[in-house]
Amino acid sequence: MHMNSAPHLLTEDRPEYERILDDALRHAHERPDLAAVGERLNPVQLRTMAMAATALITAAAATEYEHYVKAREEIRAAAAGPDEEGESDTGPHGARQSGAGVGVVITVLAPVLAGTAAVIFLLIGYILKALDPPPSFARTMVGAGWFFAAAMAAAILVAAVGLLVTALRNGSTSVDAEEHGEEFPEDVARAREAWRHALLERGILPFLRDALADPGAAPAARIPHRSPNRIPKIGYSRPDFTSPDDGPAAAPRPTFTSPDFTSPDFGGPEHEPE
């Protein structure tokens, strides 16, 4: 990014721009300079116009936005460094993660295996008990089935407790990370707040005031180094249909006359041709 050119609004920051715009329109009645909202232009029309002029509005806070993006990228780069080093760690942390993985597998498989065994033993045991006379080990099969059913219930309870403990541990870890990394997020938060304030005061609010001042025309922009026509026109104009030109005068058309037919000159014998 260069300081003399307005940075492009990143996709991840576009929802924040929309949120600031919506908040300004929602509280427009609290500002005397925006009291005409709903009379000349309603909030939906103003929002449509502001979204169409996003690049021009955000250019008013280009310096603050560039500083905010730069600070945020530095924080992300610093946070990615320890994570990349931790991936190659084969010490106690790696062993603890491996042990946690085995524990998760056992916690997930134990209820499934116990439940399957309970169903098999109970089904076979009750089928054997239905025989006449029932075999002596039918009661043992039923007892084993109920034992595995109790084991399944216990495994489900243990898995639920494990998930709860894991969630609490992850929550405390994230809180600790925020407490230890307090300095850098504070810088990013200040840069973000400065960008939001500049975007609202120097971009969105002047745009809305200009739009309400003269909704039929494109008012002069108050954003520096930008074209004065920053408010897009809404609507369509009728096409101007004109009749085609007649072109040069047509040349005179040739005229035709019918042939002059005359009868042959016949005379008597005394008028024989020479």
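FYI, side chains are in, hydrogens and waters are out, and symmetry mates aren't considered; it's all heavy atoms of this structure.
With rounding to the nearest 0.5 angstrom, the CG atom of Leu41 is 10.0 Å from the CG atom of Leu208. Here CG of Leu199 is found 10.5 Å from CG of Asp13. Values are rounded to the nearest 0.5 Å. From Leu200, atom CG reaches atom CG of Asp23 across 8.0 Å, with rounding to the nearest 0.5 Å.
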Inset, instruction - Mind running side-chain contact (heavy atoms from CB on, under 4.5 Å) on Met49 and Phe207 for me, showing each step along the way? - result: CA-CA 9 Å; Met49 297 168 67; Phe207 180 89; 4.1 Å; yes
Inset, instruction - Evaluate side-chain contact (heavy atoms from CB on, under 4.5 Å) for His67 paired with Arg192, printing each intermediate quantity in order. - result: CA-CA 9 Å; His67 178 65; Arg192 177 173 176 265; over 6 Å; no
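At least one side-chain heavy atom of Tyr65 sits less than 4.5 Å from a side-chain heavy atom of Leu10. A heavy-atom distance below 4.5 Å is not found between the side chains of Arg196 and Glu201.
Residues meeting the side chain to side chain contact (heavy atoms under 4.5 Å, CB included) test with Arg47, sequence neighbours left out: Glu18, Leu21, Asp22, Leu25, Met51. Annotation: salt bridge (Lys or Arg N to Asp or Glu O under 4.0 Å) contacts of Glu12 (sequence neighbours excluded): Arg72, Arg76. Under the rule for a salt bridge (Lys or Arg N to Asp or Glu O under 4.0 Å), Arg139 has no partner lying at least two apart in sequence or in another chain. Residues passing the side chain to side chain donor-acceptor pair (under 3.5 Å) test with Asn42: none are found, sequence neighbours excluded. The side chain to side chain contact (heavy atoms under 4.5 Å, CB included) test applied to Ala28 returns Leu34, Val37, not counting sequence neighbours. Every residue two or more places apart in sequence or in another chain that forms a side chain to side chain contact (heavy atoms under 4.5 Å, CB included) with Ile156 is listed here: Pro111, Met152. Every residue was checked against the salt bridge (Lys or Arg N to Asp or Glu O under 4.0 Å) condition with Glu74, not counting sequence neighbours, and none meets it.
With a 4.5 Å cut-off between side-chain heavy atoms of Ile, Leu, Val, Met, Phe, Trp and Tyr, the cluster of Tyr126 takes in Leu122, Val142, Trp146. Grouped with Phe137 in one hydrophobic cluster are Ile120, Phe121, Ile124, Leu128, Leu131, Met141, Phe147, Phe148, the linkage being side-chain heavy-atom contacts under 4.5 Å among Ile, Leu, Val, Met, Phe, Trp and Tyr residues. Leu163 forms part of no hydrophobic cluster, judged by ILVMFWY side-chain heavy-atom separations under 4.5 Å.
Sorted by first and then second residue, the ring pair (Phe, Tyr, Trp, His ring centres under 6.0 Å) pairs involving residues 9-32 (not counting sequence neighbours) form an empty list.
Salt-bridge check for Arg190 with Glu186: passed, with a basic side-chain N closer than 4.0 Å to an acidic carboxylate O.
Taking each heavy atom of Leu9 and Trp195 in turn, the nearest pair found is CD1-CZ2, 3.9 Å.
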